[in-house]
Amino acid sequence: MILGFEHFAIAALDSKTLADWYIQMFGLRVVYDNGKQPPTFLLKAPDGTVIEILPAASGAKTDYRLTEAGFRHLAVTVDDYEAAEAHLRKQGVSDFIERRETGSSKLLFFRDPEGNILHLMWREKPLD
């Protein structure tokens, strides 16, 4: 019945700056720009995943914890965990929330510029 999730959206206090950060950090490409100010973007990852970044009408920077109710994080899969972590550090990300490693997986939690939690994820074998 369901084939997957077409995209997810982030309401941003500064949609242009946040979109630029995701583009630079993860190599996403703009597949839609509504041309308005402030703008809405659809950004596509190499695997086809799409993130919509749209302007927030109100609110403040997010500062929630990993265990509060609601959506908690976006997991970003990588094939080379060490290289991905080095890239994050090179791009200025160094305030890591939590790190976990087992023999078959490695993960690292961090925040985007607006406080949304991301989760760098490497697995020896994809989930079945």
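Numbering starts at 1 and runs along the sequence shown.
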Going by salt bridge (charged side-chain N to carboxylate O under 4.0 Å, His left out), name the residues that satisfy it together with R29, two or more places apart in sequence or in a different chain.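 Not a single residue meets the salt bridge (charged side-chain N to carboxylate O under 4.0 Å, His left out) criterion with R29.
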How would you list, by chain and number, every residue that makes a salt bridge (charged side-chain N to carboxylate O under 4.0 Å, His left out) with E82, sequence neighbours excluded? K106
Roughly how far apart are [X] [atom1] and [Y] [atom2], rounded to 0.5 Å?
| X | Y | atom1 | atom2 | value |
| --- | --- | --- | --- | --- |
| F26 | I51 | CZ | CD1 | 7.5 Å |
| D112 | Y22 | CG | OH | 3.5 Å |
| T49 | F5 | OG1 | CZ | 11.5 Å |
| M121 | L74 | CE | CG | 13.0 Å |
| R72 | I117 | CZ | CD1 | 6.0 Å |
| R123 | D79 | CZ | CG | 15.0 Å |

Which residues pass the ring pair (Phe, Tyr, Trp, His ring centres under 6.0 Å) test with F110, sequence neighbours left out?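 Result, ring pair (Phe, Tyr, Trp, His ring centres under 6.0 Å) vs F110: none returned.
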Please name all residues satisfying ring pair (Phe, Tyr, Trp, His ring centres under 6.0 Å) with W122, sequence neighbours left out, ordered by chain then number. none
Residues forming a side-chain contact (heavy atoms from CB on, under 4.5 Å) with [X], sequence neighbours excluded:
| X | result |
| --- | --- |
| A12 | S15, L18, I53, E114 |
| A56 | A11, L13 |
| S58 | none |
| R99 | Y81, E85, R89, F96, E101, L108 |

Do [X] and [Y] share a hydrophobic cluster (ILVMFWY, side-chain heavy atoms under 4.5 Å, transitive)?
| X | Y | answer |
| --- | --- | --- |
| L88 | I23 | yes |
| V76 | F71 | no |
| L118 | M25 | yes |
| V93 | I97 | no |

So do I10 and L54 actually touch side chain to side chain, heavy atoms under 4.5 Å? no
By the salt bridge (Lys or Arg N to Asp or Glu O under 4.0 Å) test, which pairs, at least two apart or in different chains, include something from residues 43-58?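 Qualifying pairs, neighbours excluded: none.
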Sequence neighbours left out, what pairs pass salt bridge (Lys or Arg N to Asp or Glu O under 4.0 Å) with at least one residue falling in residues 1-18?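 Checked against salt bridge (Lys or Arg N to Asp or Glu O under 4.0 Å) - neighbours excluded - the pairs reaching residues 1-18 are K16-D20.
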Who clusters with V31? Use side-chain heavy atoms, under 4.5 angstrom, across I, L, V, M, F, W and Y, and order the result by chain and number.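 Noted: V31 shares its cluster with Y32, L42, V50.
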Side-chain heavy atoms under 4.5 Å apart, restricted to Ile/Leu/Val/Met/Phe/Trp/Tyr: what other residues fall into the cluster of L3, or is it alone?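 Answer for L3: none, a lone residue.
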Does atom CG of D80 have more than 12 heavy-atom neighbours from other groups under 6.0 Å away?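 Atom CG in D80 is crowded, with more than 12 foreign heavy atoms closer than 6.0 Å.
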Would L107 and L120 count as a side-chain contact (heavy atoms from CB on, under 4.5 Å) if you check the C-alpha gap in whole Å, the side-chain angles of each, and the deciding distance to 0.1 Å? CA-CA 5 Å; L107 58 94; L120 189 68; over 6 Å; no
Minimum heavy-atom distance between H73 and F109, given as atom pair plus value: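 Closest heavy-atom pair between H73 and F109: ND1-CE2, 3.8 Å.
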For the backbone of T40 and the side chain of N34, can you confirm whether one donor and one acceptor N or O come within less than 3.5 Å of each other?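 Yes.
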